[in-house]
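First up is the structure itself, then whatever we jot down about it.
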Protein chains: 2
Amino acid sequence: MPAPSIRARVRAEMIDEIKAVARRHLAGDGANLSLRAVARDMGMVSSAIYRYFPSRDELLTALIIEAYDALGDAVEAADTACDRPDLRGRWHAACRAARDWALANPAEYALLYGSPVPGYAAPDDTVAPASRPPLTLVGILRDGFVDGRLVRPAEQLPDEVHADLAELAAGLFPGLPEALLARGMAGWTQLFGLISFELFGRLNRTMPHREAYFDHQTGLMADLIGLP
Amino acid sequence: MPAPSIRARVRAEMIDEIKAVARRHLAGDGANLSLRAVARDMGMVSSAIYRYFPSRDELLTALIIEAYDALGDAVEAADTACDRPDLRGRWHAACRAARDWALANPAEYALLYGSPVPGYAAPDDTVAPASRPPLTLVGILRDGFVDGRLVRPAEQLPDEVHADLAELAAGLFPGLPEALLARGMAGWTQLFGLISFELFGRLNRTMPHREAYFDHQTGLMADLIGLP
DNA sequence: CCGAAGCGAGAGCGGTGCTCTCTCTCGACG
DNA sequence: CGTCGAGAGAGAGCACCGCTCTCGCTTCGG
């Protein structure tokens with residue numbers, strides 16, 4: 001590739017700085033990010049921001065993608081830091097990493113997993129980064145299945161569920177038993193619910209020992225999946 | 001009580017109409033409810049609304065409480081419509097009722113269980129209506145435990161978790177084994193996650209047969225709890 | 001019956017996202 | 001190396017928002 005022109009480099013730095021300032025605002029004010037406030041913080045007038053982002057939603061989308069990637073990085077790093085055969089340890093580590101990241105970046109977590117903004121439709125470039133955490137969890141199932149320590153659950157799936165899961169499994173890891181995938185998705189759903197409940201204040205009046213509770217609940221799901 | 005004055009009755013009707021119009025707006029525009037738009041729809045000027053609600057957040061709170069109660073009604077009705085001994089049927093019915101209500105009232109569900117509004121803190125009068133759905137689920141566990149068909153799970157709880165759950169159980173149903181309550185909470189967390197994933201578009205590209213998937217997933221949690 | 005309380009209208013404040021126009025600087029290219 | 005045009009920022013302005021305050025009018029209650 002040709003050396004990036006000076007103009008282009010300055011522009012890229014500007015974009016990065018806007019995102020950084022916006023992220024700072026996000027942490028304080030939640031999802032109602034004010035373009036004007038970001039511009040003020042940068043000593044610019046609000047209209048100047050539009051040289052870099054065509055709309056507030058585009059800026060939000062950029063932040064969303066970065067946040068998905070940060071979460072994905074955290075979860076994947078936690079998984080790969082474990083011994084490959086330690087399936088249960090990997091499960092717990094991945095879950096804990098997701099929770100830790102969410103607690104450290106609550107506004108960004110809310111942006112990713114909170115109620116969708118009414119007019120806003122997530123563009124396609126978010127789906128790949130968004131699927132990294134669940135893919136990490138499925139990876140644990142896959143590793144457990146290929147070396148035989150995770151067995152196909154006994155239950156029979158309803159036809160529709162079986163078909164849908166088969167299609168999904170084909171895109172992830174052909175051969176993964178559908179019933180196992182179903183349990184993995186239950187674990188992922190549960191993980192999301194746990195973090196959301198904690199972050200959105202649903203545990204405020206109960207369960208002071210959040211971390212122990214979290215570990216126990218993810219452990220229940222590990223049992224359900226059959227992780228040794 | 002004395003006959004309510006005409007003024008008071010008109011006022012109450014006014015409040016109800018404002019809430020009704022606001023609810024209609026909510027369905028279309030999501031959580032960013034515009035007081036001015038509501039006022040316009042009622043042929044009033046925006047400042048007149050403030051005769052009835054001191055702020056937009058107060059109006060939102062009123063809508064939230066009504067929504068919690070509507071959801072609570074739906075879940076409790078579904079539960080009581082089942083044969084008392086049919087624990088598993090009650091579990092499925094309650095879960096399905098919650099999902100049905102959420103699908104029928106997505107904006108209200110998002111208001112209840114989506115990301116909390118940054119400045120907004122849920123007032124205390126929301127906590128009682130908010131706990132009706134999980135209490136219904138716990139009621140199923142309790143009934144199953146008292147007639148001996150739900151057994152105390154074998155696992156040992158960590159001390160902290162045990163203590164927190166014991167305190168929680170004391171306020172709900174003294175004697176309910178903590179490990180059983182923990183599994184019930186896992187089911188409730190899972191239910192919330194399932195509905196949120198479906199409603200917030202997380203299943204958009206997979207799982208076309210949502211209802212069958214939902215039933216299977218809630219069935220998995222019923223298994224985990226030990227519902228016969 | 002009259003005063004007071006309740007009610008709606010209207011103007012206005014500071015804030016928002018976004019558009020359009022204008023100016024000027026500075027970097028790319030002949 | 002000189003020029004010229006693309007890109008950057010400022011500023012005014014539009015329509016909207018939540019909220020406040022004042023001012024008349026209605027209507028209820030003592």
Side-chain angles (χ1 to χ4, degrees), chain A residues 1-19 21-26 28-64 107 111 116-121, chain B residues 1-19 21-22 24-26 28-64 107 111 116-121 123:
Chain A
M1 66 177 74
S5 70
I6 299 183
R7 262 245 165 85
R9 248 201 22 219
V10 170
R11 184 182 171 79
E13 281 171 17
M14 204 66 179
I15 289 182
D16 280 350
E17 189 178 341
I18 292 178
K19 287 198 279 194
V21 173
R23 207 161 21 231
R24 228 169 47 219
H25 269 98
L26 211 58
D29 305 345
N32 38 19
L33 175 70
S34 159
L35 255 179
R36 287 181 117 110
V38 172
R40 266 196 303 273
D41 259 28
M42 303 192 52
M44 297 201 315
V45 90
S46 77
S47 60
I49 298 275
Y50 288 85
R51 295 275 170 203
Y52 303 95
F53 291 94
S55 77
R56 176 178 163 279
D57 278 2
E58 291 286 331
L59 173 54
L60 273 181
T61 299
L63 294 179
I64 286 175
L111 204 59
V117 183
Y120 179 83
Chain B
M1 69 178 69
S5 73
I6 299 184
R7 264 260 238 273
R9 249 201 23 219
V10 170
R11 180 170 227 285
E13 283 171 16
M14 205 64 178
I15 288 182
D16 280 350
E17 190 178 340
I18 291 177
K19 288 198 279 194
V21 173
R24 227 169 47 219
H25 269 95
L26 212 58
D29 305 345
N32 38 18
L33 176 69
S34 159
L35 256 179
R36 289 181 116 110
V38 172
R40 265 195 305 272
D41 259 27
M42 302 192 52
M44 295 201 317
V45 90
S46 77
S47 60
I49 299 275
Y50 288 85
R51 295 279 170 202
Y52 303 95
F53 291 94
S55 76
R56 176 178 164 280
D57 278 1
E58 291 285 329
L59 174 54
L60 272 183
T61 299
L63 295 179
I64 287 176
L111 204 58
V117 184
Y120 179 82

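To find a chain, count down the sequence lines: A is the first, B the second, and so on, and within it residues start at 1. Quick caveat: nothing in here was measured; it's all calculated off a predicted structure.
Separating the CD1 atom of Ile49(B) from the P atom of dC19(D) is a distance of 12 Å, rounded to the nearest angstrom. Protein atom CZ of Arg51(A) is 15 Å distant from nucleotide atom P of dG11(D), rounded to whole Å. Between Arg7(B) atom CZ and dA4(C) atom P there is a gap of 15 Å when expressed in whole angstrom units. Put simply, CZ on Arg40(B) is 15 Å from P on dG10(C), counting in whole angstrom units. Going from atom OH of Tyr50(A) over to atom P of dC18(C) covers 4 Å, rounded to whole Å.
Applying the 4.0 Å criterion to OP1 and OP2 of dG6(C), one finds that Tyr52(B) has every side-chain N and O outside that range. Between dG17(C) and Ser34(A), a contact under 4.0 Å exists linking OP1 or OP2 to a side-chain N or O.
Among the heavy atoms of the strands lying under 4.0 Å from Arg56(A) are primed sugar atoms or P, OP1, OP2 only; no base atom is included. When heavy atoms are screened at a 4.0 angstrom cut-off, Leu33(B) is found touching the sugar-phosphate backbone but no base atom. Ser46(A) comes within 4.0 angstrom of a nucleotide base, judged by non-hydrogen atoms across all strands. In this structure, Met42(A) reaches neither bases nor backbone, as no heavy-atom distance under 4.0 Å exists between it and the strands shown. Phe53(B) comes within contact range of no nucleotide atom at all, as no heavy-atom separation falls under 4.0 Å.
The base of dG6(C) does not come close enough to the side chain of Arg11(B) for any donor and acceptor atom to sit less than 3.5 Å apart. In terms of polar N and O atoms assigned as donor or acceptor, the side chain of Arg36(A) never comes within less than 3.5 Å of the base of dG15(C) in a complementary pairing. For dG10(C), its base sits under 3.5 Å from the side chain of Ser47(B) at one donor and acceptor pair at least.
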